[in-house]
Amino acid sequence: MSQYQSELLRLMEERGYVHQITDAAGLDALAARQVVPGYIGFDATAPSLHVGSLVQIMLLRRLQQAGHKPIVVMGGGTTKVGDPSGKDESRRMLTGETIQANIASIRRVFERLLTFGDRPTDAVMVDNDEWLSKLGYIELLRDVGPHFTVNRMLTFDSVRLRLEREQPLTFLEFNYMILQAYDFRELANRYGCRLQMGGSDQWGNIVNGMELARRMDGAELFGMTTPLLTTADGAKMGKTAAGAVWLNEDQLPAWDFWQYWRNTDDRDVGKFLRLFTDLPLAEIERLGALEGAEINAAKVVLANEVTRLVRGEDAARSAEATAAATFSGGGVGEDLPMLVLGGEPRRIAAILTDIGFAASGGEAKRKLAEGAVKLDGAVVTDPAQEIALAPGQEARLSLGKKRHGVLRG
């Protein structure tokens, strides 16, 4: 039996999103009696977010499913500064035009997962550059500065860890937590926002915003964080040996996105089904309890459900069909990565890097030496071996049991 009265916190608890809540009883009572507008901020440093951000996007989806209002805050302003949390070095500076283009691209994923509009529980997307760029420096120092002490700011992990490692932390980045705190206060005044959510590394920033709004406006705000999300083997979500798992199709083909979820560790299947799909909990319990070869069926369900939510029905159906052709029939599915050789002989080591199976020539040579590379089922070990295909001819390239591609003449 859940300790919570509101559908919001019951849903969050059952699905495994809750790590810390600033005042659980107060937020529970508020959510039980009214629509609670809640926000999460996303910086626009690239044209797409990656899988590491998906749990936060799903948080906003759950907020809306429970009858409350999601506010997606795009960091058009804070992206110009750069969040030092978890970073070893300063971010490169982006132009305003690049940031706006990134926001437009990122919006597409949110439009699949949230319902936008003018109704009380419809989502809105706002850009914090709208108010941050209008702040006068002296005004900010006078009005907001007195509510922050450098002593306390130096204790935050995002600052402390950089200083302990003797890595530069610019004054620009040092201001990030002040601007994020100001965002919460501004959203409370503009949209009646009462809740900020985020990953566990954002706890200090969230509390800063609550305290700033309380001191300046007497507002009562709430914060909630999710557990640090790692895979069962300790890896950070959203990263693979081949690079980031991007949410947008332009940055990562649907097949590779689907395959990422299909390759989930057995121990993570139940957790990921709760966090990243809308399947009923009873069905998730059944799937998560499968063992041996049967757990693979649950992984296909996970891959299909997440791909359907993020990329759409057609992408999920196409990726599953490709998997069936590739793994069951020994054929070549339509969605597999393809490299056109153009009739010219190419060395297999170069082919592995060009198709994205290896990050470097050295890694390609290691994979070949391990016997992990096959061409039409035959093991290839010599990095200097040249591959040539006639026009229209195809060959299947495999790396291990799970990565496959197509070479075409």
Side-chain angles (χ1 to χ4, degrees), residues 8 11-12 15-19 36-76 78-79 83 85 102-117 121-128 180 183 187 193 195-202 206 223-231 236-239 244-252 254 257-258 260-261 264 271-279 302-312 315-316:
L8 174 64
L11 178 62
M12 295 296 193
R15 292 270 173 177
Y17 293 100
V18 178
H19 176 58
V36 177
Y39 98 92
I40 300 177
F42 300 87
D43 280 347
T45 53
S48 171
L49 301 173
H50 61 66
V51 161
S53 297
L54 188 55
V55 70
Q56 307 306 325
I57 302 173
M58 291 300 294
L59 259 183
L60 292 171
R61 182 177 175 86
R62 302 301 184 210
L63 185 76
Q64 190 165 51
Q65 287 173 337
H68 301 279
K69 186 179 185 68
I71 302 173
V72 183
V73 176
M74 295 308 304
T78 40
T79 300
D83 183 357
S85 300
N102 287 347
I103 290 173
S105 179
I106 289 168
R107 183 182 173 96
R108 291 178 295 174
V109 167
F110 285 98
E111 286 175 339
R112 285 195 190 277
L113 289 155
L114 302 174
T115 300
F116 287 84
T121 62
D122 283 346
V124 293
M125 179 177 280
V126 298
D127 183 347
N128 65 12
Q180 185 171 328
D183 277 350
L187 290 163
C193 183
L195 171 66
Q196 182 183 172
M197 301 178 290
S200 56
D201 62 334
Q202 294 299 313
I206 291 171
M224 187 181 99
T225 60
T226 56
L228 176 66
L229 192 59
T230 57
T231 57
K236 198 170 181 180
M237 278 291 292
K239 302 285 187 183
V245 183
W246 299 105
L247 299 181
N248 281 38
E249 176 79 24
D250 297 348
Q251 275 67 45
L252 186 75
F257 184 79
W258 188 93
Y260 172 79
W261 298 100
T264 294
K271 177 171 72 173
F272 288 178
L273 284 167
R274 282 194 300 277
L275 291 171
F276 300 116
T277 80
D278 288 340
L279 290 176
L302 172 66
N304 285 342
E305 290 296 318
V306 181
T307 305
R308 184 177 293 114
L309 280 176
V310 176
R311 298 293 185 85

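For the numbers below, each heavy atom of this structure counts, side chains included, while hydrogens, waters and symmetry mates do not. Remember, predicted model here, so these are calculated numbers, not experimental data.
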Asker: Evaluate the criterion side-chain contact (heavy atoms from CB on, under 4.5 Å) for residue pair Met197 and Leu60; output intermediate values, then yes/no.
Answerer: CA-CA 9 Å; Met197 301 178 290; Leu60 292 171; 3.9 Å; yes

Asker: Going by the rule side chain to side chain contact (heavy atoms under 4.5 Å, CB included), which residues pair with Asp127 if we only count those two or more places apart in sequence or in a different chain?
Answerer: Gln100, Ile103, Asp129

Asker: Sequence neighbours left out, what pairs pass salt bridge (Lys or Arg N to Asp or Glu O under 4.0 Å) with at least one residue falling in residues 46-60?
Answerer: none

Asker: To the closest 0.5 Å, what do you measure between NE2 (His50) and CD (Gln251)?
Answerer: 12.0 Å

Asker: According to salt bridge (charged side-chain N to carboxylate O under 4.0 Å, His left out), who are the partners of Arg62, at least two apart in sequence or on a separate chain?
Answerer: Asp278

Asker: Measuring only between side-chain heavy atoms, which start at C-beta, is Val109 closer than 4.5 Å to Leu49?
Answerer: no

Asker: side-chain contact (heavy atoms from CB on, under 4.5 Å), that's the test. Do Val124 and Lys69 meet it? Break it down for me.
Answerer: CA-CA 8 Å; Val124 293; Lys69 186 179 185 68; 3.9 Å; yes

Asker: To the nearest 0.5 Å, how far apart are CD in Glu305 and CG in Leu279?
Answerer: 4.5 Å

Asker: Compare all side-chain heavy atoms of Val310 with those of Val51 and state whether any distance is below 4.5 angstrom.
Answerer: no

Asker: So, Gln202 and Gln196: side-chain donor and acceptor under 3.5 Å apart, yes or no?
Answerer: no

Asker: Say you draw a straight line from CH2 of Trp258 to CG of Leu302; how long is it, rounded to the nearest 0.5 Å?
Answerer: 10.0 Å

Asker: Write down the atom of Leu8, the atom of Ala66, and the distance for their closest heavy-atom approach.
Answerer: CA-CB, 3.7 Å

Asker: List the atom of Pro47, the atom of Ser105, and the distance in Å for their closest heavy-atom pair.
Answerer: O-OG, 2.6 Å

Asker: Are the side chains of Leu228 and Asp201 in contact, using a 4.5 Å heavy-atom criterion?
Answerer: no

Asker: Identify the heavy atoms of Asp43 and Ile106 that sit nearest to each other, and give their distance.
Answerer: O-CD1, 4.4 Å

Asker: Which pair of non-hydrogen atoms, one from Thr277 and one from Arg15, has the smallest distance, and what is that distance?
Answerer: O-NH1, 3.0 Å

Asker: Has Arg311 got a side-chain atom pairing as donor or acceptor with Val306's backbone, closer than 3.5 angstrom?
Answerer: no

Asker: With sequence neighbours left out, what residues match Arg108 under salt bridge (charged side-chain N to carboxylate O under 4.0 Å, His left out)?
Answerer: Asp250

Asker: For Gly312 and Arg112, work out which heavy atoms get closest and say how close.
Answerer: CA-NH1, 3.6 Å

Asker: Taking only residues two or more places apart in sequence or in another chain, which ones pass side chain to side chain donor-acceptor pair (under 3.5 Å) with Ser48?
Answerer: Asn248

Asker: Could you list the residues that satisfy ring-ring contact (aromatic ring centres under 6.0 Å, His included) with Phe276, not counting sequence neighbours?
Answerer: Trp261, Phe272

Asker: What heavy-atom pair brings His19 and Ser200 nearest, and what distance separates the two atoms?
Answerer: CD2-CB, 3.7 Å

Asker: In sequence, state the C-alpha distance, the side-chain angles, and the governing distance for Ile57 and Arg61, and then conclude on side-chain contact (heavy atoms from CB on, under 4.5 Å).
Answerer: CA-CA 6 Å; Ile57 302 173; Arg61 182 177 175 86; 6.0 Å; no

Asker: When you look at Lys271 and Leu229, which way does the side-chain contact (heavy atoms from CB on, under 4.5 Å) test go after all the steps?
Answerer: CA-CA 10 Å; Lys271 177 171 72 173; Leu229 192 59; 4.1 Å; yes

Asker: Sequence neighbours excluded, which residues qualify as salt bridge (charged side-chain N to carboxylate O under 4.0 Å, His left out) partners of Arg274?
Answerer: none

Asker: Thr231: which residues meet the side chain to side chain donor-acceptor pair (under 3.5 Å) condition with it, sequence neighbours left out?
Answerer: Asp233

Asker: In chain order, what residues pass the ring-ring contact (aromatic ring centres under 6.0 Å, His included) check against Tyr39, with sequence neighbours excluded?
Answerer: Phe184

Asker: Under the side chain to side chain contact (heavy atoms under 4.5 Å, CB included) test, which residues partner Ala123, sequence neighbours left out?
Answerer: Gln64, Pro70, Leu114, Phe116

Asker: Could you list the residues that satisfy salt bridge (charged side-chain N to carboxylate O under 4.0 Å, His left out) with Asp122, not counting sequence neighbours?
Answerer: Arg119

Asker: Under the rule for side chain to side chain contact (heavy atoms under 4.5 Å, CB included), what residues qualify as partners of Thr226, not counting sequence neighbours?
Answerer: Tyr17, Gln56, Leu59

